[in-house]
Number of protein chains: 2
Amino acid sequence: MTATTRTTDTPAAAEPDWLRLDRQICFSLHAASRAFNGVYRVVLKDLGLTYPQYLVMLVLWERGDLPVKQLGEHLRLDSGTLSPLVKRLEAAGLVRRERSAEDERSVRVRLTGEGTTLRERAREVPRRIVAATGFDPAEIADLRDRLDQLTDTLDAAAVAAAAG
Amino acid sequence: MTATTRTTDTPAAAEPDWLRLDRQICFSLHAASRAFNGVYRVVLKDLGLTYPQYLVMLVLWERGDLPVKQLGEHLRLDSGTLSPLVKRLEAAGLVRRERSAEDERSVRVRLTGEGTTLRERAREVPRRIVAATGFDPAEIADLRDRLDQLTDTLDAAAVAAAAG
DNA sequence: CACAATTAAGTTGTGCACAATCGAATCACC
DNA sequence: GGTGATTCGATTGTGCACAACTTAATTGTG
């Protein structure tokens, strides 16, 4: 019943492990990313934030008011993603967007009182997320380091592949 | 460690490392997932496939024709994602959708000749992806295992949190 | 000063993820 | 055999990611 009839004549031996590993790692990373998203969706529901919106708020809480440009640099997101996202945060009353006086091309994202206050209610979030992973801090730190390394290498490879 | 001027009165001691780790791991996973997507975008361009479309084709190449339902189980995706995706594959001439005779609720996704042939051109993809990661197969296998474990734990936690 | 190049946001269009909902087919149970 | 529950898929609506393009402000150079 598991046996769907193989239409191809390709024996398993023709596809070595490392060929299949690729599928595994892309499956796994994709699935892990979405699983994380799912946990954040549940945990952030009370705050009325999505996962990317929470990331933006984290940066603002930590760094203070920032232009959209710098927000994008911290999060590696472009204006096509950030513009509507920040507008939704503004509609929710958490931030205001203000044209800079010195450089009128720039829009500064400023926390409102409500946005600042939300930080208090968000304090429980990290603890709940860490608990949900079932990993201890050392394991998380190790995984994070590997993922960061992977990201750097992949970014460089994508640039090289696009250029070459 | 506190390079930025803290506007809050919260001393660093009140926010232990593991509180900040959360942000790191969510940043890292998010970034790694998008970086992977970027590499696949470049590598799959020639084939005219997106990353999720490639995942669907991988399943079909390996398992043969499948109903949408089982496709979703393999990929952990629901019909809201798969229906339009499969239609785009059909529009590209790679698959056909056929209502099952035994159970008319079910739609079977069948590879066309063109869809089957595409597998040959896709053979180079895994090698290029593995190369782009800069990891050797053992490291990839280890990372994959951790991510799978993480996904399982997170899925369970999301269900538990939603229920409780 | 004038004008080309650059930069910051925003807009448009495509595609993915997922919740909620619906219609049709099937199944279970009386 | 009829009726309620379940299953499959499709659809709708919201939000994110990113490429390509537009607009407006700024900078650099003659």
Side-chain angles (χ1 to χ4, degrees), chain A residues 26 29-42 44-45 48-56 66-73 75-92 97-109 151 155 158-159 162, chain B residues 26 29-42 44-45 48-56 66-73 75-92 97-109 151 155 158-159 162:
Chain A
C26 73
L29 195 68
H30 206 60
S33 179
R34 287 184 293 131
F36 240 118
N37 212 313
V39 172
Y40 272 103
R41 192 191 317 282
V42 171
L44 294 175
K45 200 171 186 178
L49 292 176
T50 67
Y51 182 28
Q53 287 168 11
Y54 172 66
L55 297 183
V56 168
L66 286 177
V68 173
K69 171 74 173 174
Q70 286 182 39
L71 215 43
E73 284 168 357
L75 297 166
R76 294 169 184 254
L77 292 173
D78 69 3
S79 65
T81 300
L82 279 178
S83 283
L85 192 160
V86 171
K87 281 192 178 179
R88 280 186 287 273
L89 289 178
E90 187 177 39
R97 294 179 306 126
E98 298 174 348
R99 265 301 132 192
S100 166
E102 311 102 51
D103 186 343
E104 295 220 343
R105 293 171 304 181
S106 178
V107 169
R108 180 163 280 263
V109 182
T151 300
D155 279 346
V159 171
Chain B
C26 74
L29 195 67
H30 205 58
S33 180
R34 285 184 295 132
F36 240 119
N37 213 312
V39 172
Y40 272 105
R41 192 190 318 280
V42 172
L44 294 175
K45 200 171 187 178
L49 293 175
T50 67
Y51 181 27
Q53 287 168 10
Y54 173 65
L55 297 183
V56 168
L66 287 176
V68 173
K69 171 74 174 174
Q70 286 181 40
L71 215 44
E73 285 167 357
L75 297 166
R76 294 170 184 254
L77 292 173
D78 69 2
S79 65
T81 300
L82 280 177
S83 284
L85 192 159
V86 171
K87 282 190 178 179
R88 280 187 287 272
L89 289 178
E90 187 177 40
R97 295 178 307 125
E98 297 174 347
R99 220 150 260 281
S100 163
E102 311 102 51
D103 186 342
E104 296 219 343
R105 294 170 304 178
S106 178
V107 169
R108 180 162 280 262
V109 181
T151 300
D155 278 346
V159 171

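In this text, all values refer to a predicted model and were calculated from it rather than measured experimentally. When reading the values below, keep in mind they use all heavy atoms of this one structure, side chains included, and skip hydrogens, waters and symmetry mates.
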message = From CG of Leu75(B) over to P of dA17(C), roughly how many Å is that when rounded to an integer?
response = 9 Å
message = Just so I know, are the side chains of Leu75(A) and His30(B) near enough to count as touching, which here means a heavy-atom distance under 4.5 Å?
response = no
ask   = Quick one: is dT11(D) close enough that its OP1 or OP2 comes under 4.0 Å of any side-chain N or O from Lys87(B)?
value = yes
query = Shortest non-hydrogen contact from Thr151(A) to Ala35(B)?
reply = CG2-CB, 3.9 Å
request  = Scan Arg97(A) against the nucleic acid and name what it touches under 4.0 Å (heavy atoms): base, sugar-phosphate only, or nothing.
outcome  = sugar-phosphate
Atom of Tyr54(A), atom of Leu49(A) and distance for their closest heavy-atom approach = CA-CD1, 4.2 Å
request  = Using atom CG of Leu49(A) as one end and atom P of dG15(D) as the other, report the distance to the nearest whole Å.
outcome  = 12 Å
query = Under 4.0 angstrom, heavy atoms only, what part of the nucleic acid is Thr50(A) near: base, sugar-phosphate, or nothing?
reply = sugar-phosphate
remark   = Whole-Å distance, Phe36(B) CZ to dA17(D) P, equals 18 Å
task = Determine the contact category for Leu82(B): base if any of its heavy atoms lies under 4.0 Å from a base atom, sugar-phosphate if only primed atoms, P, OP1 or OP2 are that close, otherwise nothing.
result = nothing
task = Under 4.0 Å from any atom of DNA chain C, heavy atoms only: list the residues of residues 98-107 of chain B that qualify, in numerical order.
result = Glu102(B), Asp103(B), Glu104(B), Arg105(B)
request  = Tell me what Pro67(A) touches on the nucleic acid: a base, only sugar-phosphate, or nothing, going by heavy atoms under 4.0 Å.
outcome  = sugar-phosphate
Report each atom pair, protein N/O against N/O of nucleotides 2-5 of chain C, whose distance is under 3.5 angstrom.
none

message = What is the separation between atom CG on Asp155(B) and atom C1' on dC18(C), rounded to the nearest whole Å?
response = 14 Å
query = Would a 4.5 Å heavy-atom cut-off, applied to side chains only, mark Arg76(A) and Asp155(A) as touching?
reply = yes
note = Taken to the nearest whole Å, CG/Leu44(B) to P/dT14(C) is 20 Å
Show each protein N/O and nucleotides 18-21 of chain D N/O combination with a separation under 3.5 Å, one pair to a line.
{"residue": "dC18(D)", "atom": "OP2", "partner": "Arg34(B)", "partner atom": "NH1", "Å": "3.2"}

ask   = Where each residue is assigned the nucleotide of DNA chain C containing its nearest heavy atom, which of Pro52(B) and Gln70(A) is assigned the position nearer the 5′ end?
value = Gln70(A)
key: Length of the line joining Leu85(B):CG and dT14(C):P, which is rounded to integer Å   = 16 Å
